[in-house]
Amino acid sequence: MAKIHVSPRSIVVPGDLIAEGDDVEAESLFIEKRGKKFYATITGLVSVEQTDDKYKINIIPLEGAYIPRPGDIVIGLVEDIGLTHWEIDISSPYKGILTVQEALDKPFNPVTDSLKRYLDVGDYVVAKVIAFDRARDPLLTIKGKGLGRITEGSIVEIKPSRVPRLIGKKGSMVNMLIKETGCEILVGQNGRILIKCPNKDIEEVLILSIKKIEAEAHTTGLTERVREFIRKERERRGV
Amino acid sequence: MGGTGAEKPTLIRWEERDGEKVAIRIDGRLPEQLRPIRIEVGVLGNADGSALVEYGATRVLAAVYGPREAVPRHVALPDRAIIRCRYHMAPFSTEERKTPAPTRREVELSKVIREALESVVLTEMYPRTSIDVYMEVLQSDGGTRTAAITAASLALADAGIAMRDLVAGVAVGKVDGVLVLDINEVEDNYAEADMPVAMAPSLDKVLLLQLNGVLTHDEFIKAFDLARRGILEIYKLQKEALRKKYVEAETSTTG
């Protein structure tokens with residue numbers, strides 16, 4: 001029989017005993033199993049889910065760097081240009097590699113052509129991580145729907161650990177933001193957010209709400225509070 | 001450091017309390033009593049994680065950067081992160097100005113603290129990166145290495161770096177034949193022995209143990225037990241401080 005030592009949605013710190021027993025299953029990388037006991041290895045919020053015969057425990061980290069995973073959509077900044085690849089800062093300990101094959105639809109000849117013509121240093125791109133095995137830098141692609149160079153909008157940066165909260169359960173938070181402000185929002189898993197707003201005033205309100213979500217990510221009832229915040233700000237500013 | 005040439009102060013006073021003779025230390029503490037401890041987490045805006053720890057008048061600031069790309073690149077390891085530590089005493093931290101250049105002592109302490117941290121941080125989760133830990137002693141009154149390691153482990157946790165357990169440290173000393181917990185500078189200067197200990201309490205592992213001076217076998221066992229009790233107390237305060245950071249943010253927004 002499992003014994004749970006924490007209350008759901010409470011904050012755990014490294015070394016905290018979360019649960020013990022054979023019918024407990026850890027879903028997070030940040031839970032370490034020692035014998036029959038499960039310990040937290042990071043500061044975060046725990047969740048306990050009970051199914052028929054199992055307890056599933058998980059930790060949502062509150063801090064930490066972005067570690068790329070294949071399939072993630074990220075927003076990157078071109079940092080350097082090689083002969084046949086770009087080096088892209090994805091606000092992670094590892095820098096992204098974008099090869100020509102993953103960027104252009106036609107054959108590329110480095111003798112007659114220059115990569116600078118397509119993407120220059122300082123350009124922002126929406127990219128997808130296609131592979132990352134930790135032994136080499138993550139490979140990116142900009143081939144696909146919605147991917148490629150960013151030509152308009154603004155970029156907001158938050159801590160990568162706050163991204164799940166900004167998206168919310170099944171996208172509830174980000175959908176609320178889109179509905180309330182009428183802006184287009186694209187959230188990169190690495191903590192960069194692309195926003196396209198109808199005007200500057202509403203953009204300011206949206207940025208403030210995103211920063212508010214970042215600061216209060218660990219609190220409950222945040223969606224409703226942010227909705228309230230946006231309505232108040234819009235009224236106050238008359239937009 | 002200080003007391004050379006000066007007359008030795010009375011470090012232990014024996015008092016009658018409830019019919020028993022008790023040792024009272026120079027600052028009024030009982031032998032097994034810690035100094036007042038203050039811990040604050042997340043005190044620096046630019047670092048990924050930070051902590052300020054005070055053991056009485058000893059004050060240490062720790063900052064963590066990382067995991068980040070290791071520079072120069074050849075120092076990176078293919079299968080895990082490297083930890084780089086700098087323990088440093090600020091020129092104004094001591095009674096007489098200390099030269100800011102790293103001394104032999106500081107290099108040694110940086111090394112032993114690094115080794116202590118390496119055994120709790122899950123470095124294999126962040127291959128090819130570096131985790132940089134900077135510890136700055138702002139004010140020194142004995143027990144700076146143990147305060148530094150306590151602060152460093154909190155700063156790591158604040159940075160969101162995965163680790164098996166927090167690390168807490170405290171020094172035990174033998175002063176005028178009495179074993180005392182958390183010795184301060186004056187006691188250290190005239191002590192017969194000084195033993196800093198750092199542990200990962202939930203793992204129940206010792207990560208750092210040094211001993212200056214002489215203890216008998218029995219004294220060592222007693223001293224170690226004393227250190228362990230002190231560490232468990234500090235460990236509780238550490239966890240409280242880490243949680244407090246988020247609870248405070250919550251009350252300030254809902255209230």
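What you see is a predicted model, and the numbers here were worked out from it, not measured in a lab. Here is how names work: the chains are called A, B, and so on, in the same order as the sequence lines, proteins then strands, and each is numbered from 1.
- Residue A159(B) touches chain A through its backbone alone, counting heavy-atom pairs closer than 4.5 Å.
- Atom CZ of R69(A) sits in a sparse spot, with 12 or fewer heavy atoms from other residues, nucleotides or ligands closer than 6.0 Å.
- Inspection of non-hydrogen atoms places P93(A), Y94(A), K95(A) of residues 74-99 of chain A under 4.5 Å from chain B.
- Residue R243(B) comes nearest to V12(A) through the heavy atom pair NH2-CA, 4.3 Å, listed as atom of the first residue, atom of the second, then distance.
- Looking at R164(B), both its backbone and its side chain come within 4.5 Å of chain A, counting heavy atoms on both sides.
- Summarising the local packing, NZ of K211(A) is surrounded by more than 12 heavy atoms from other residues, nucleotides or ligands at distances under 6.0 Å.
- Annotation for N46(B): atom CG does not count as buried by contact number, only 12 or fewer foreign heavy atoms lying within 6.0 Å.
- Residues from residues 226-238 of chain B that place a non-hydrogen atom less than 4.5 Å from a non-hydrogen atom of chain A comprise Y235(B), given in numerical order.
- By number of non-hydrogen pairs under 4.5 angstrom with chain B, the leading residue of L17(A), D16(A), I67(A) is D16(A).
- In this structure, L62(A) CG and K245(B) NZ are separated by 8.5 Å, a value rounded to the nearest 0.5 Å.
- The CD atom of E63(A) lies 3.5 Å from the OH atom of Y246(B); values are rounded to the nearest 0.5 Å.
- Counting heavy-atom pairs closer than 4.5 Å to chain A, the top residue among D48(B), L242(B), L156(B), I161(B) is L242(B).
- Highest contact tally toward chain A, considering only S202(B), A162(B), P127(B), is held by P127(B) [criterion: heavy-atom pairs under 4.5 Å].
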Set out, in order, the CA-CA distance, both residues' side-chain angles and the distance that settles salt bridge (Lys or Arg N to Asp or Glu O under 4.0 Å) for D79(B) and R134(A), then state yes or no. CA-CA 8 Å; D79(B) 58 336; R134(A) 287 175 179 241; over 6 Å; no
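- Against chain B, the residues from residues 30-44 of chain A that qualify, each with a non-hydrogen atom under 4.5 angstrom away, are F30(A), E32(A), R34(A), Y39(A), A40(A), T41(A), I42(A), T43(A) in number order.
- Scanning both residues, D137(A) and R128(B), for their nearest heavy atoms gives OD1-NH1, 3.3 Å.
- Of residues 156-163 of chain A, not one residue has a non-hydrogen atom less than 4.5 Å from any non-hydrogen atom of chain B.
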